[in-house]
Amino acid sequence: MPAVPAAAAPAVDAHAHVFVRGLGLSEGRRYTPDYEARPEDYLALLRTHGLSHGVLVQPSFLGTDNAYLLRALRACPSALRGVAVVAPGAAQDTLTEMAEAGVVGIRLNLMGQPTPALQDQPWRGTLERVAALGWHVEVHLPAARLPEVMPALLAAGCPIVVDHFGRPDPASGIADPGFAYLLRQADSGRVWVKLSGAYRNWPAGEAADAGRAAARQLMRAYTAARLMWGSDWPHTEHRHIAYAPVRRWLDAWVEDPDERAAVLGDTPARLFGLARPASPVLPPARPGTPSET
């Protein structure tokens with residue numbers, strides 16, 4: 001009997017967004033796209049760059065209407081997982097339906113928003129239901145505000161994923177006290193950080209080098225077991241950014257190949273519940289589907 005080949009290691013883009021024109025947009029949004037980021041275009045990028053899985057994060061301008069996100073997840077359940085945005089007090093039935101579609105966490109995008117009373121109802125009950133599902137809570141806010149949310153999330157029993165290097169202040173970079181606070185949270189064993197969106201923290205011309213310095217500190221604190229990489233495609237508000245260089249940045253940020261394999265594969269696969277693929281999990285490309293290089 002011929003030997004069965006070992007399952008291939010997953011390669012995960014842990015942060016991307018999809019949307020099309022005509023979707024309902026949230027009031028008070030900070031950004032309104034005038035283009036589309038279709039799931040089929042995203043899957044083409046994964047194929048082009050040798051990635052096997054992706055994590056779709058509900059964009060803030062769609063608010064709590066996760067319908068399009070859920071459709072995208074259901075269309076490609078083997079390759080995609082999702083992070084939804086929910087209202088405080090989200091019902092158990094709503095969360096269960098999302099879990100069945102492939103949602104594995106909720107996002108608190110508090111950029112430009114006040115910090116909710118996470119320790120009080122209705123948020124406390126929502127977080128307890130999220131934790132019971134085994135989901136994580138993804139937080140996106142300036143590093144200086146991390147102490148406003150992380151204690152309550154940890155107290156609720158929720159694993160935490162921190163977006164975009166923790167969003168240190170652009171003027172301070174890794175000297176930001178909020179970034180130092182993030183480094184200390186590694187001791188909890190329940191916090192993960194995404195190496196993503198470096199251009200949101202530093203000018204585009206400095207993002208690669210500044211991200212490397214930040215990644216080194218995060219690697220020392222968190223190790224590869226709790227760091228992940230995300231493209232942040234389609235780079236909303238930063239449309240000059242392309243997928244290929246952002247993927248190459250990871251190679252410079254994490255030079256050790258074993259550590260990089262963990263950041264790109266095993267760590268997000270465990271957190272997001274992605275199996276090691278014994279065969280390709282991405283659907284075949286549709287004729288005429290563009291691929292960005």
Side-chain angles (χ1 to χ4, degrees), residues 13-17 26 28-31 55-62 83 85 105-116 118 136-154 158-186 188 190-222 226-241 246 249-250 253-254 263 267-268 271:
D13 177 352
H15 194 105
H17 310 284
S26 64
R29 60 190 178 276
R30 296 178 295 111
Y31 177 69
V55 179
L56 302 179
V57 179
Q58 172 79 342
S60 60
F61 50 80
L62 294 183
V83 178
V85 173
I106 66 169
R107 191 187 201 201
L108 292 176
N109 187 340
L110 301 178
M111 297 297 293
Q113 301 294 324
T115 302
L118 299 173
H136 68 275
V137 177
E138 180 174 314
V139 296
H140 183 209
L141 74 172
R145 293 176 57 197
L146 287 171
E148 299 175 10
V149 301
M150 295 186 71
L153 295 176
L154 291 170
C158 297
I160 300 172
V161 175
V162 179
D163 273 351
H164 306 329
F165 292 87
R167 292 302 301 260
D169 177 72
S172 302
I174 58 177
D176 184 343
F179 186 76
Y181 173 86
L182 175 61
L183 295 177
R184 294 194 298 273
Q185 301 317 296
S188 72
R190 292 164 51 204
V191 179
W192 285 253
V193 182
K194 288 185 182 179
L195 306 180
S196 60
Y199 45 81
R200 299 188 185 278
N201 303 319
W202 302 284
E206 303 171 13
D209 289 341
R212 183 178 183 180
R216 286 180 172 178
Q217 292 206 22
L218 288 165
M219 182 65 74
R220 284 195 290 270
Y222 283 88
R226 282 184 284 126
L227 296 180
M228 298 173 288
W229 171 81
S231 67
D232 196 30
W233 186 82
H235 323 293
T236 55
E237 301 179 78
H238 297 267
R239 294 287 290 151
H240 59 287
I241 299 292
V246 170
W249 287 352
L250 177 64
W253 293 342
V254 184
V263 169
T267 297
L271 183 66

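No experiment lies behind these values; they were computed from the predicted model shown.
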Spacing of [X] atom [atom1] and [Y] atom [atom2] [to the nearest 0.5 Å]:
X	Y	atom1	atom2	result
H164	L141	NE2	CG	11.5 Å
H140	Q113	NE2	CD	12.0 Å
L146	F179	CG	CZ	10.5 Å
Y222	L183	OH	CG	6.5 Å
T267	W192	OG1	CH2	9.5 Å

Find out whether [X] and [Y] are in side-chain contact, i.e. whether some heavy atom of one side chain is under 4.5 Å from a heavy atom of the other.
X	Y	result
W202	P168	yes
E237	R200	yes
N109	V85	no
W233	V246	no
V83	H136	yes
L154	I160	yes
H235	Y199	yes

Closest approach of [X] to [Y] (non-hydrogen atoms, all atoms of both residues):
X	Y	answer
L118	A152	CB-CB, 3.9 Å
L218	F165	CD1-CD2, 3.8 Å
P234	R239	O-NH1, 3.3 Å
P147	A143	CD-O, 3.9 Å

Any donor and acceptor pair, going by atom type alone, linking the side chain of [X] with main-chain N or O of [Y] inside 3.5 Å?
X	Y	answer
D232	S196	no
W253	A208	yes
R167	V162	no
Q217	A213	no

Return each pair, listed once, that meets salt bridge (Lys or Arg N to Asp or Glu O under 4.0 Å) where at least one residue sits in residues 136-149; pairs must be two or more places apart or across chains.
-> R107-E138, E138-K194, R145-E148
Residue set satisfying salt bridge (charged side-chain N to carboxylate O under 4.0 Å, His left out) with D13, at least two apart, ordered chain then number -> none
Identified side chain to side chain contact (heavy atoms under 4.5 Å, CB included) partner of V139 from the options L110, L153, D163, V161 = L153
